[in-house]
Amino acid sequence: MKTNCKRWKYLLCITAVTIMFAVLPFNTQAADVQVRLTEQADKKQESTSDKMNSAENRNQAAITAGAAGILDAGTQVSAKGEALSSFAKAMMTLQPQIQPESTLVMAKVNEYVNIRLEADQDAEKVGVLYKDCGGEVIEKNEEWTKIKSGDVTGWIKNQYLYFGKEAEELARDVGVLTAYSETETLRVRKEPSLDAGIVGLLADGQAVEAITEEGDWVKVSYEGETGFVAAEYVRVEFGIDTAESMEAIRAREEAERARAAAEAEAKRVQQKEAVLASASELDILAALIQCEAGGEPYEGQVAVGAVVMNRVRCGGYPNNITDVIYASGQFVPASGGRMESLILNKTTKASCIQAAQEAISGVCNVGDALHFRRNNGRDGLVIGNHVFW
């Protein structure tokens, strides 16, 4: 038994030794393979690194060789960039000077055009835009334009309107600069100086036609004479005549019918061509003549009265002196309170009263003229400092 055990021990030892020697060559070969793989990887890495270094060197050389060209190109780009920057700055400088398209419109008619509620010839009439009156564009299509003029909003056919530059030119021609006094007693001086003589006085809220603004002074027309008022004490506004609503027209026509009935008897005893005015209307016309032409030659005073009477006889205006003078936006003195002051204080000049009487009786030295203003070079009949057309 012991012998058998020893044999088994020997056999196990021999077997273990045999297995060990059998395994050793395999591990060595594996190690050799591993070494070879490592070496090949190192060589590949070295080769890749060499290639990368070579490429890097070539790129560096190219960068160095082409530095001047790149710098030149950079300079060109920089120059272009500066040019574009200068152009952009110029455009930014010019941009604020580009004005939006004007929304002003003016009537392109001989007398008046109807304003409709809708863009349709058969739509309800909401107002009337008279010759030399204007407004603002709200909406425009190929045939009609919706405007706002005064308190009237509605549609007018494009063919009866001026737009853009034409409208602006007409507005400048017929519009009026008005200076409103904003102090209790404003002195109108002969020259733009506090030491200059006084032409007259304006109460708070009274208005005169402004001719131009000259620094700290506003040049005005005061009773037909040129004067100056301190700019800090007036509010200067540019205005054009605006539309009349149908409600206002109906109210005016009703008042006219009532006055016409009251004056019917008196009119029968007057000359056929003359328009009878009550004593109050004579006072009103005389006061207007003084406010507009008190400093003009007598011929110029009669001419102002004749324009008023031409309007009374014209179908496009009210048929009495009071409504013609007080129609919205027609005569500056009628909206400023100066006329009423002259009438209540009975300070109207005798020459102006006489000129009013002659105009009412039919004297006319301006033909069919319906308008006048300070002579600004426009076509028309020039009398004194006014042009009539």
Side-chain angles (χ1 to χ4, degrees), residues 104 106 130 132-136 148-152 168 171-194 196-244 248 283-296 304 307-308 322-345 347-348 352 371-376 385-386:
L104 176 70
M106 297 291 293
Y130 296 101
D132 294 337
C133 295
E136 179 184 3
K148 178 173 176 57
S149 179
D151 58 355
V152 182
E168 291 176 356
R172 281 193 294 268
D173 194 30
V174 301
V176 177
L177 272 178
T178 303
Y180 295 89
S181 172
E182 293 189 323
T183 187
E184 185 174 350
T185 303
L186 179 61
R187 295 175 178 84
V188 182
R189 297 189 179 273
K190 294 181 180 180
E191 300 292 338
S193 171
L194 294 176
I198 296 175
V199 177
L201 302 173
L202 293 176
D204 189 13
Q206 288 187 343
V208 290
E209 181 182 350
I211 301 171
T212 183
E213 296 184 64
E214 300 181 359
D216 295 333
W217 295 85
V218 177
K219 189 176 183 179
V220 300
S221 175
Y222 180 87
E223 297 187 2
E225 297 184 44
T226 298
F228 296 85
V229 294
E232 63 180 309
Y233 297 119
V234 293
R235 182 181 77 259
V236 179
E237 296 180 357
F238 178 81
I240 55 175
D241 295 343
T242 55
E244 187 176 19
D283 293 338
I284 291 169
L285 180 57
L288 175 69
I289 291 172
Q290 178 163 328
C291 291
E292 295 282 12
E296 294 289 313
V304 170
V307 166
V308 173
T322 301
D323 285 347
V324 165
I325 292 175
Y326 282 99
S328 176
Q330 298 299 306
F331 298 99
V332 172
S335 64
R338 289 183 56 236
M339 287 175 48
E340 290 78 5
S341 177
L342 291 172
I343 295 169
L344 292 173
N345 295 321
T347 54
T348 306
C352 296
H371 305 275
F372 71 93
R373 63 172 300 156
R374 287 188 64 81
N375 184 11
N376 62 348
N385 291 313
H386 290 122

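Model, not experiment: these values are computed from the prediction.
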Q: Can you name the side chain to side chain donor-acceptor pair (under 3.5 Å) partners of Arg235, sequence neighbours left out?
A: Glu182, Glu237
Q: Side chain to side chain donor-acceptor pair (under 3.5 Å) with Asp151: which residues, sequence neighbours excluded?
A: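 Side chain to side chain donor-acceptor pair (under 3.5 Å) check on Asp151 returns nothing, list empty.
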Q: Lys148 and Gly150: which non-hydrogen atoms are nearest, and at how many Å?
A: NZ-O, 3.4 Å
Q: Look up atom CE in Met339 and atom CG in Leu285, then write down how far apart they are to the nearest 0.5 Å.
A: 8.0 Å
Q: Taking all non-hydrogen atoms of both residues into account, name the closest pair between Ile240 and Leu104 and its distance.
A: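 Scanning both residues completely, I find the closest heavy atoms to be CD1-CD1, 3.9 Å.
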Q: Are Lys190 and Ile198 close enough, and set up right, to give a side chain to side chain contact (heavy atoms under 4.5 Å, CB included), and what steps lead you there?
A: CA-CA 6 Å; Lys190 294 181 180 180; Ile198 296 175; over 6 Å; no
Q: Can you check whether Ala287's main-chain N or O pairs, donor with acceptor, with Gln290's side chain at less than 3.5 Å?
A: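 Not confirmed, Gln290 side chain does not pair with Ala287 backbone.
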Q: Of all residues at least two apart in sequence or in a different chain, which pass the ring pair (Phe, Tyr, Trp, His ring centres under 6.0 Å) check with Tyr130?
A: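 None.
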Q: Which pairs pass salt bridge (charged side-chain N to carboxylate O under 4.0 Å, His left out) with one or both residues in residues 322-335, sequence neighbours excluded?
A: Arg259-Asp323
Q: What distance separates Cys291 SG from Leu342 CG, expressed to the nearest 0.5 Å?
A: 5.0 Å
Q: Do the side chains of Val308 and Phe331 get nearer than 4.5 Å, heavy atoms only?
A: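 The answer is yes; the side chains approach within 4.5 Å.
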Q: Measure the CG-CE distance between Asp132 and Met106 for me, rounded to the nearest 0.5 Å.
A: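 Result: 6.0 Å between the selected atoms.
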Q: Please round to the nearest 0.5 Å and tell me the distance separating atom CD1 of Ile284 and atom OG1 of Thr322.
A: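 OG1 of Thr322 is found 3.5 Å from CD1 of Ile284.
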Q: Quick one: list whatever passes side chain to side chain contact (heavy atoms under 4.5 Å, CB included) with Ser181, sequence neighbours left out.
A: Thr183, Leu186, Leu202
Q: How close do Cys133 and Thr242 get, counting heavy atoms only, and between which atoms?
A: SG-O, 3.9 Å
Q: Can you measure from CD (Gln330) to CG (Leu288) and round to the nearest 0.5 angstrom?
A: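 Separation between the atoms: 11.0 Å.
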Q: For residues 211-226, which residue pairs qualify under side-chain hydrogen bond (donor to acceptor under 3.5 Å, both in side chains), counting only residues two or more places apart or in two chains?
A: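 Residue pairs with at least one partner in residues 211-226: Glu223-Arg338.
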Q: Report, as yes or no, whether the 6.0 Å neighbourhood of atom OH on Tyr326 holds more than 12 heavy atoms from other residues, nucleotides or ligands.
A: yes
Q: For residues Arg187 and Leu201, determine if any side-chain heavy atom of one lies less than 4.5 Å from a side-chain heavy atom of the other.
A: yes
Q: I'd like to check the side chain to side chain donor-acceptor pair (under 3.5 Å) partners of Asn385; sequence neighbours left out, ordered by chain and number.
A: Glu296
Q: What pairs with Ala243 under side chain to side chain contact (heavy atoms under 4.5 Å, CB included), at least two apart in sequence or on another chain?
A: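 Counting only residues at least two positions away or on another chain, Ala243 forms a side chain to side chain contact (heavy atoms under 4.5 Å, CB included) with Ile115, Leu129, Ser149, Val152.
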Q: Taking only residues two or more places apart in sequence, or in another chain, which ones meet Glu292 in a salt bridge (charged side-chain N to carboxylate O under 4.0 Å, His left out)?
A: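 Salt bridge (charged side-chain N to carboxylate O under 4.0 Å, His left out) list for Glu292, sorted by chain: empty.
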Q: Test of understanding: with side chain to side chain contact (heavy atoms under 4.5 Å, CB included), list the residues that count as partners of Ala231, not counting sequence neighbours.
A: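 For Ala231, the residues satisfying side chain to side chain contact (heavy atoms under 4.5 Å, CB included) (neighbours in sequence not counted) are Val218.
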Q: Scan the side chains in residues 171-178 for donor-acceptor partners under 3.5 Å anywhere in the protein, sequence neighbours excluded, and list what turns up.
A:
{"from": "Asp173", "atom 1": "OD2", "to": "Arg378", "atom 2": "NH1", "distance (Å)": "2.7"}

Q: What pairs with Asn345 under side chain to side chain donor-acceptor pair (under 3.5 Å), at least two apart in sequence or on another chain?
A: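 Once residues adjacent in sequence are excluded, the partners of Asn345 under the side chain to side chain donor-acceptor pair (under 3.5 Å) criterion are Ser341.
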Q: How far apart are the closest heavy atoms of Ser328 and Asp241, and which atoms are they?
A: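 In terms of heavy atoms, the two residues are closest at O-OD1, 4.5 Å.
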